[in-house]
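To keep things clear, I will list the structure first and then write my remarks on it.
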Amino acid sequence: MADLPLNSSNDFSSKSSQEMPSLEALWMPFTANRQFKANPRLLAKAEGMYYKDIDGNKVLDATAGLWCCNAGHGRKEISEAVSKQIHEMDYAPSFQMGHPIAFELAERLVELSPEGLNKVFFTNSGSESVDTALKMALCYHRANGQASRTRFIGREMGYHGVGFGGISVGGLSNNRKAFSGQLLQGVDHLPHTLDIQNAAFTRGLSHFGAEKAEILEQLVILHGAENIAAVIVEPMSGSAGVILPPQGYLKRLREITKKHGILLIFDEVITAFGRVGAAFASQRWGVIPDMITTAKAINNGAIPMGAVFVQDFIHDTCMQGPNELIEFFHGYTYSGHPVAAAAALATLSIYENEQLFERSLELEHYFEDALHSLKGLPNVIDIRNTGLVAGIQFAPNAQGAGKRGYGVFEHCFRHGTLVRATGDIIAISPPLIVDKREIDQMVNSLSDAINAVG
C-alpha cells in the first residue's frame, strides 16, 4: 500500500507565534504543575502529523495527541460535520428523549464490533465508560438472580480511568494511594504481565507469562465464583507503558471467566479503532469479551465521547419489569451528544475510506524494525511493540525513577517530536496516517535524546 497523502502540506503556512498567556489560574491534570509552569510547553495549532507550538515551531506528533487522533489532526471532514450539526441542533437531552444521530452512530459502531457486542451505551470519556461497565455487570447479575456477584477483579499496573470505580480496579499505585480509604470494597488484582527478565525486546506478543491467567482460578477458589461479578483488563496496558499480553493469556482469561459465569470486560479506550492493527484488540487477538470500553479515537479526540459495547445477553437480561420502568439507573447529561456523535460518524468514514486500520497492520513491521533499532543505546532495557504502538523502557538513573524518561521526553520535544513519558518508559503511538519517513524521524529524535540524556 502506498503512503497516504496527508490532508495538508504540513507547513502550516508561515511561521507565527502567540503571546504567552497567564498560567496561574489553571490547575493542570496529571502534570507537575510547578515544573511545567517554570518551563511551559504550549501547543497552538495542529494539522496532519504535526503540532505547532506557541512560538511557531513544528512538532511531530508521535502520540496521536493522547492516544486519540488516529486520523491525524485538522481533518476537514470532522470539522465540517461538527459545524453542520451544531448549526442544526447543538444539544438534545438523552433522558427519556433521543435524536437520530446517536442511533445512527450506534448502528455504525456495532458494524465494527466483535460478534455479539451489538448494544452501545454512550459516555463522555474512558473513565465514564469503565464505571458504566462495572455498573452494567452488577445490573446484569442482579437481574439474572445472582445479586451476590459484586466482587471485581482488575490487574496490577492496569489503568481504568480516574473515577472511584476505575481507580479501584486499576493497578497503578500513584493513582490509588491518595484515595485508598475511599476505594470500592471487594476488589482483587491479577498480577501484571510485564516480564523484562524473560521477554525483553520481544517483537509482538511474548511466549512467556500466559500462566499468570491461572491466578484467576485461585481467586475464584478464595472468594467463590458466586460472589465475583467481572474481570476487567486492558488487552494492552497503555498508560502503564505498553505492556502486551503474552500469547494465549487473554484466551485463558476468557475460558476461566466463561467457566465460572464471570463477565469479562476489555478496556479498549486506547486499543480500539486501529491502534493494534484491527478495529479492536479483541479482534486482532481473537478473544471476544462480554463488554468493551472505548473513548479517545472514537471521534479522533475532537469532542469528549466514549462508548461501552455490550453483549446482547447482558442487555436483554437487564430489560425486565414493566415497560415504563427505567431498567438501568445510570447515564450522563452528554451521553450521545449530537455534536460529538457527528464527529464520530465523520471519523468512522475516514477510517473506512482510507483503510487506516489496515494501514496500522501493514506498517507494523517497518515500525517494529525502526523502534528496535534503538536496542543497545545507553540504558535501554526493553522495547515492546504491536501495531502502531511501542514502549521503550530505561533503567532508572541514580537521581530516581522517572528522571531518565522525563529527560528523553523533554529533549524530544525541544527538538521537534512529541513522545509520551510514563516513569522511565517512553510510549510511541503515532496517528495511523504516519508514513515511513515520519517513523524514521521519530526514531532518530529518540536516538538523539537517549544518547544525550545517557
Side-chain angles (χ1 to χ4, degrees), residues 23 26-43 59 62-63 66-67 154-162 166-167 170-181 183 189 191-202 234 236-244 270 371-372 374-385 389-429 442-454:
L23 306 179
L26 179 60
W27 189 344
M28 300 173 66
F30 277 117
T31 299
N33 278 251
R34 290 164 295 172
Q35 180 189 59
F36 176 89
K37 291 175 181 181
N39 190 20
R41 297 171 295 276
L42 296 179
L43 302 173
V59 180
T63 64
L66 191 59
W67 317 92
R155 187 170 59 190
E156 296 171 351
M157 300 183 75
Y159 177 70
H160 301 293
V162 294
I167 296 172
L172 293 176
S173 61
N174 284 340
N175 289 7
R176 294 169 55 87
K177 60 187 180 183
F179 312 105
S180 59
L183 299 184
H189 291 81
H192 65 75
T193 60
L194 182 61
D195 187 354
I196 294 178
Q197 181 177 354
N198 293 305
F201 301 102
T202 295
E234 300 162 279
M236 177 203 79
S237 298
S239 295
V242 188
I243 301 173
L244 302 173
I270 286 175
L371 267 295
H372 278 267
L374 300 173
K375 181 180 180 181
L377 293 187
N379 297 298
V380 175
I381 61 173
D382 191 19
I383 298 170
R384 38 195 185 263
N385 70 282
V389 59
I392 303 99
Q393 186 158 350
F394 307 103
N397 69 17
Q399 295 178 321
K403 298 290 187 181
R404 182 166 279 123
Y406 181 82
V408 171
F409 157 75
E410 176 74 10
H411 188 283
C412 284
F413 184 80
R414 295 303 173 194
H415 290 81
T417 301
L418 176 62
V419 299
R420 185 171 190 273
T422 300
D424 282 310
I425 302 168
I426 292 293
I428 303 295
S429 57
M442 294 172 194
V443 174
N444 289 336
S445 181
L446 279 166
S447 178
D448 290 345
I450 294 167
N451 282 310
V453 171

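Bear in mind that the values here come from a model prediction, so they are computed numbers and not experimental data. Both backbone and side-chain heavy atoms feed into the values below; hydrogens, waters and symmetry mates do not.
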Practice task
Could you tell me whether the side chain of Arg155 and the main chain of Gly171 form a donor-acceptor pair under 3.5 Å?
Solution key: no
Practice task
Report the distance from atom CG of Asn33 to atom CD of Gln35, rounding to the nearest 0.5 Å.
Solution key: 10.0 Å
Problem - Which residues share a side chain to side chain donor-acceptor pair (under 3.5 Å) with Asn379, sequence neighbours left out - result: none
Handout entry: Side-chain donor or acceptor of Thr31 paired with backbone N/O of Pro29 under 3.5 Å
Key = yes
Handout entry: Residue pair Ile270 / Trp67: nearest heavy atoms and the distance that separates them
Key = CG2-CE3, 3.4 Å
Fill in the blank from the handout: Here the pair of heavy atoms bringing Ala240 nearest to Met157 is CB-O, 3.1 Å
Fill in the blank from the handout: Distance col, row Phe30:CZ vs Asn175:CG, nearest 0.5 angstrom, shows 4.5 Å
Practice task
Determine the minimum heavy-atom distance between Val408 and Val453, stating which atoms define it.
Solution key: N-CG2, 3.7 Å
Problem - Stepwise side chain to side chain contact (heavy atoms under 4.5 Å, CB included) check, Glu234 with His160 - result: CA-CA 8 Å; Glu234 300 162 279; His160 301 293; 3.9 Å; yes
Handout entry: Contact summary for Ser447 and Leu377, nearest pair of heavy atoms
Key = OG-CD1, 3.7 Å
Fill in the blank from the handout: Taken to the nearest 0.5 Å, the spacing of Asn397 CG from Lys403 NZ works out to 8.0 Å
Handout entry: Donor-acceptor contact below 3.5 Å, side chain Thr193 vs main chain Leu244
Key = yes
Practice task
Fit a plane to each ring of Phe409 and Tyr406, take the angle between them on a 0 to 90° scale, and name the class: parallel (under 30°), tilted (30 to 60°) or perpendicular (over 60°).
Solution key: tilted
Handout entry: Derivation and outcome, side chain to side chain contact (heavy atoms under 4.5 Å, CB included), residues Phe201 and Leu374
Key = CA-CA 10 Å; Phe201 301 102; Leu374 300 173; over 6 Å; no
Handout entry: Flag, side chain of His189 to backbone of Gly170, donor-acceptor distance under 3.5 Å
Key = yes
Problem - Shortest non-hydrogen separation from Ala449 to Cys412 and the atoms involved - result: CB-SG, 3.7 Å
Fill in the blank from the handout: Across all chains, not counting sequence neighbours, the side chain to side chain donor-acceptor pair (under 3.5 Å) partners of Asn385 are Glu368, His372
Problem - Euclidean distance, Lys375 NZ relative to Ile392 CD1, rounded to 0.5 Å - result: 14.5 Å
Practice task
Hey, could you give me each pair passing salt bridge (charged side-chain N to carboxylate O under 4.0 Å, His left out) that has a residue in residues 410-421? Not counting sequence neighbours.
Solution key: Arg41-Glu410, Glu410-Arg414
Problem - Residues in side chain to side chain donor-acceptor pair (under 3.5 Å) contact with Ser429, at least two apart in sequence or another chain - result: none
Handout entry: Side-chain (Asp424) to main-chain (Phe394) donor-acceptor, under 3.5 angstrom
Key = no
Exercise for the section: Among Leu371, Asn451, Thr417, find the one that has a side chain to side chain contact (heavy atoms under 4.5 Å, CB included) with Leu446. Expected result: Leu371
Problem - More than 12 heavy atoms from other groups under 6.0 Å of CZ on Phe179 - result: no
Handout entry: Partners meeting salt bridge (charged side-chain N to carboxylate O under 4.0 Å, His left out) with Arg384 (sequence neighbours left out)
Key = Asp382
Exercise for the section: Take Leu43 and Phe413, measure what side chain to side chain contact (heavy atoms under 4.5 Å, CB included) needs, and give me the verdict at the end. Expected result: CA-CA 11 Å; Leu43 302 173; Phe413 184 80; 3.9 Å; yes
Problem - Inter- and intrachain pairs under salt bridge (charged side-chain N to carboxylate O under 4.0 Å, His left out), touching residues 27-36, at least two apart - result: none
Fill in the blank from the handout: In terms of heavy-atom contacts, Met236 and Val389 come closest through SD-CG1, 3.6 Å
Handout entry: Val242 and Ile425: CA distance, side-chain angles, deciding distance, side chain to side chain contact (heavy atoms under 4.5 Å, CB included) verdict
Key = CA-CA 9 Å; Val242 188; Ile425 302 168; 5.8 Å; no
Problem - Ile196 side, atom CD1; Leu194 side, atom CG - distance, nearest 0.5 Å - result: 4.5 Å
